[in-house]
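Throughout, protein chains are lettered first and strands after them, A, B, ... in sequence-line order, and every chain is numbered starting at 1.
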Amino acid sequence: MRRRREEYQRLLERGVNPYPYRFDVTATASDILDRFRDEDGPWEVSVAGRIMTMRRMGKATFAHIQDHTARIQIYLKSDDLGTEVYETVRLLDIGDIVGVEGTVFRTRTGEISVHARSLTLLAKSLRPLPVPKEKRDEAGNRVVYDPFTDKELRYRKRALDLLLNPDVRRVFIKRTEIVRALRSFLDARGYLEVETPILQPVYGGATARPFVTHHNALDIPLYLRIADELYLKRLLIGGFEGVYEIGKDFRNEGMDRNHNPEFTMLELYVAYKDYAWMMEFTEEMIIAVNRSVNGSDTITVGGTELSFAPPFRRIPMRAAIAEYTGESIDGLDEDGLRAAARRLGVDVEGQAGPGRVIDAIFSARVEEHLVQPTFITDYPIELSPLAKRHRSLPGTVERFELYVHRMEIANAFSELNDPLDQRERFLEQARLRARGDEEAMTTDEDFLEMLEYGMPPAAGLGIGIDRLTMLLTGSPSIRDVILFPTMRPER
RNA sequence: GGGGCUGUAGCUCAGUGGUAGAGCAUCUGCCUUUUAAGCAGAGGGUCGAUGGUUCGAUCCCAUCCAGCCUCACCA
C-alpha cells in the first residue's frame, strides 16, 4: 500500500494521470477470443480491463487483463511502446485498470493475445488484490491455487469476491436472468408491474416482526414492509385486474442459511381467478423460468436430480402428513392433534391452536421429504388470515405452497374478499397477539374499509426470489445469492 | 438462544509454554513470445481483543469480538 502510493507519485512525476476520464473500447476480451482467426491477419482492437496476472521479462511483459466478459493476454514490448511508455509499464501492478490498443495475434504457445501498440493507465490500484495463481490441467480444467475462499471476507468485500471468483459472478448474472424471465413471463400476459410503499404506517400481509423507523416531519413511527399484499389488493379494488411487484421485504427476525433480514419477493394478484388456477400458472411460470436460465427441465442441486417436468405433484397438507408419518389427523380436535404430535415426537408450544400443531407436525416430519417439486394444498384456517375459506373443507383455506428441495418457494391462495370474514380473522389475530403471539397480524382498518367497497375474487401468489435463485443456481446459502448480505458490523 | 468448529503475513495455510514459518503475492537485480515464467537476493506479523496462570503465553484458562456449521425459533 505504501509502495503503491509511491508509485502513484512517480506516475504523477512522469506526467501520467493515474485516474484519467475516458477510454474508448472497440472489443471485449471474449469478442477477441471468439472471433480471432489466424488467416484473417492483423486485427486492430482497443480493450480495457483489470490486470490479473503479470509476467515481466526485462524489456517485455505479458499480462492478463480481465473485463466483464473474460481474460485476455496482452503483450507489452519495450521496442513497440517506446522506452518512455515502458517505464510506465514498470510501475504497473496487478489490480491496475488499463486500456490497450494493439493488434490481435497468437503467441508461440498458441494463446490469442493483444500485441500492444499503446497502453493507458485507467485507474491505479492502491491496495494489493489477492489474485490467486491458476493454470489449465491436461484436460483443460481451471486449477486455482489458494483461491480467495474465506466466506466472511467474500461476503464483506463482495467486490473482490466478484473479481476473483468467476462462479460467483455467474450466480449473480443468473439471478438477474431469473428476475428478467419472471418479468417477461408476467409482462407477456399483460400484468402490470407496480411499486407500493416500503414505508408503511401499518404493516401487514404476513406474520413477522417488523423494522420500525420514525418520520421526523410527521412525527410518527413507520414500518418497513414485511409484505406487499395489502397494497396490491387495494389495486385490485381500484380496478386493476392483474398486478405484480418485485421488491424488498424486511423482517426483523433471525438470520440463517435461508433467511436474510431484507429479501426479495415477487407478489402477483390476478382478478377473477382462484388458487387452482394459480397453481397451474405457477407451475407454468417456474418451468418457463428454469428452462430459460438452465435450458433443461432437469437440474442437479447438491447431488440430487430435480425434475421440473409437469405436472408437479399436488397433495393436501393432511394427506401429506398421513403419507409421511403414518398418522391420520383427519377429524382430530386440538387434544387429539397434540396427542398425535407427542406420538411423533414433535414439540408444540403451550398455547398453540390446532392449526399451529398441524403446522409443527408438517414442519418437523413432512418438509424434509419434499424434494421434487410438490404443491402442498389446503392449509389450516388460523395460519392464513388473508386466505379464503375452502369451498368444501371446513377448517381449511384455499392455499398452496410449492416446495422444492425441502425449501418453500411459493405461497398462494384464493384471496379473502369478504370484508366481514376478514374483520373476524383480524380479530382472531388480535386475540392471538393478546395471548403473546408477537407475530400475529395487526388489523389494518384502512384496508378493511377499502375491502368494504368490494374486491373481485382473486388469486394471489408470493415467490421468494432469493430462494428461487438458490434453487436454480444450486447455492446452499441465501448469502450466496444476495450481493451484499446483512452482516454484523466489523469492530 | 443451545452445541460444535474457526480466527497466525496481502491470500491460502503449517507450527511451538522460551519472542514465528511455507507457498503465492510484495521489493531489488538479471531476463524482448511468457503463462502457477525462471534465476539470485530482501523486506513483511500487536499470532482476533482483554484479563488470568506462569520466570516467560501466539500456545494453557476465562471473558469478549467476529465467522462458519448445526439445533431451536422463524416463513
Checking all strands, does [X] fall into the base, sugar-phosphate, or nothing category for heavy-atom contacts under 4.0 angstrom?
{"X": "K77(A)", "value": "base"}
{"X": "D93(A)", "value": "sugar-phosphate"}
{"X": "A208(A)", "value": "sugar-phosphate"}
{"X": "F263(A)", "value": "nothing"}
{"X": "E408(A)", "value": "base"}
{"X": "D150(A)", "value": "sugar-phosphate"}
{"X": "T61(A)", "value": "nothing"}

*Within a radius of less than 6.0 Å around CD of E368(A), do more than 12 heavy atoms belonging to other residues, nucleotides or ligands occur?*
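Counting neighbours around CD of E368(A), more than 12 heavy atoms of other residues, nucleotides or ligands fall under 6.0 Å, so yes.
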
Using atom [atom1] of [X] as one end and atom [atom2] of [N] as the other, report the distance to the nearest whole Å.
{"X": "R257(A)", "N": "C73(B)", "atom1": "CZ", "atom2": "P", "result": "15 Å"}
{"X": "M255(A)", "N": "A66(B)", "atom1": "CE", "atom2": "C1'", "result": "13 Å"}
{"X": "N252(A)", "N": "C73(B)", "atom1": "CG", "atom2": "P", "result": "19 Å"}
{"X": "R399(A)", "N": "A75(B)", "atom1": "CZ", "atom2": "P", "result": "11 Å"}
{"X": "R488(A)", "N": "C68(B)", "atom1": "CZ", "atom2": "C1'", "result": "13 Å"}
{"X": "F148(A)", "N": "C13(B)", "atom1": "CZ", "atom2": "P", "result": "12 Å"}
{"X": "K59(A)", "N": "G29(B)", "atom1": "NZ", "atom2": "C1'", "result": "13 Å"}
{"X": "R356(A)", "N": "C73(B)", "atom1": "CZ", "atom2": "P", "result": "12 Å"}

Atom [atom1], compared across [N] and [M]: separation rounded to whole Å:
{"N": "C13(B)", "M": "G3(B)", "atom1": "C1'", "value": "27 Å"}
{"N": "U63(B)", "M": "G44(B)", "atom1": "P", "value": "37 Å"}
{"N": "G15(B)", "M": "C39(B)", "atom1": "P", "value": "27 Å"}
{"N": "C47(B)", "M": "U19(B)", "atom1": "C1'", "value": "11 Å"}
{"N": "A40(B)", "M": "G23(B)", "atom1": "P", "value": "12 Å"}
{"N": "U54(B)", "M": "C71(B)", "atom1": "C1'", "value": "39 Å"}
{"N": "U12(B)", "M": "C73(B)", "atom1": "P", "value": "35 Å"}
{"N": "G29(B)", "M": "G21(B)", "atom1": "P", "value": "27 Å"}

*Considering only A36(B), U32(B), A66(B), which nucleotide approaches the side chain of A60(A) most closely?*
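Output: U32(B).
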
_M57(A), nearest nucleotide to its side chain (from G10(B), C31(B), C11(B))_ =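 The closest nucleotide is C31(B).
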
*So which one's nearest nucleotide on RNA chain B is more toward 5', R56(A) or T107(A)?*
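Going by which nucleotide is closer to the 5' end, it is T107(A).
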
*Specify the residue among P132(A) and S113(A) whose closest nucleotide of RNA chain B lies further upstream toward the 5′ end.*
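First, find each residue's nearest nucleotide; the 5'-ward one identifies P132(A).
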
_If the test is side-chain contact (heavy atoms from CB on, under 4.5 Å), which one of D228(A), L266(A), L268(A) qualifies with E245(A)?_
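Exactly one option meets the side-chain contact (heavy atoms from CB on, under 4.5 Å) with E245(A), and it is D228(A).
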
With a 3.5 Å cut-off and heavy atoms only, can you find an N or O donor on one side and an acceptor on the other between the side chain of [X] and the base of [N]?
{"X": "R108(A)", "N": "U33(B)", "result": "no"}
{"X": "Q73(A)", "N": "U34(B)", "result": "yes"}
{"X": "S78(A)", "N": "U32(B)", "result": "no"}
{"X": "Y379(A)", "N": "A75(B)", "result": "no"}

*Charged tip of R5(A) within 45° of Y8(A) ring normal and under 6.0 Å*: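 No; the conditions do not both hold, so R5(A) does not lie above the ring face of Y8(A).
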
*Contiguous Watson-Crick or G-U pair runs (3 or more, under 3.5 Å) in RNA chain B*: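 Stem list for RNA chain B: B:1-7 with B:65-71, B:10-13 with B:21-24, B:26-30 with B:38-42, B:48-52 with B:60-64.
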
*Carboxylate-amine/guanidinium contact R55(A) E111(A), below 4.0 Å*: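 Answer for the salt bridge query: no.
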
*Is any NZ, NE, NH1 or NH2 atom of the basic residue among R234(A) and D444(A) found under 4.0 Å from an Asp or Glu carboxylate oxygen of the other?*
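Counted as a salt bridge, because a side-chain N and a carboxylate O are separated by less than 4.0 Å.
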
*Ring-on-base stacking between Y145(A) and A36(B), under 5.5 Å between centres and under 30° between planes: is it there?*
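Given the distance and angle limits, yes, they stack.
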
*Mind checking the CG-CZ spacing from L370(A) to R313(A)? Nearest 0.5 Å is all I need.*
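It comes to 8.0 Å.
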
*Short side-chain N/O contact from R55(A) to OP1 or OP2 of A36(B), under 4.0 Å*: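 For A36(B), neither OP1 nor OP2 has a side-chain N or O of R55(A) closer than 4.0 Å.
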
*List the steps, then state whether salt bridge (charged side-chain N to carboxylate O under 4.0 Å, His left out) holds for R10(A) with E7(A).*
CA-CA 5 Å; R10(A) 287 166 67 189; E7(A) 282 173 353; 5.6 Å; no

_Walk me through whether Y275(A) and Y379(A) qualify under ring-ring contact (aromatic ring centres under 6.0 Å, His included)._
CA-CA 12 Å; Y275(A) 83 134; Y379(A) 281 67; 9.8 Å; no

*Any pair counted as ring pair (Phe, Tyr, Trp, His ring centres under 6.0 Å), so long as it reaches residues 106-156 of chain A, sequence neighbours left out*: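 Ring pair (Phe, Tyr, Trp, His ring centres under 6.0 Å) check on residues 106-156 of chain A returns Y75(A)-H115(A), F105(A)-H115(A).
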
_Verdict with reasoning, R225(A) to E267(A), per salt bridge (charged side-chain N to carboxylate O under 4.0 Å, His left out)_ = CA-CA 13 Å; R225(A) 71 177 170 204; E267(A) 288 197 35; over 6 Å; no

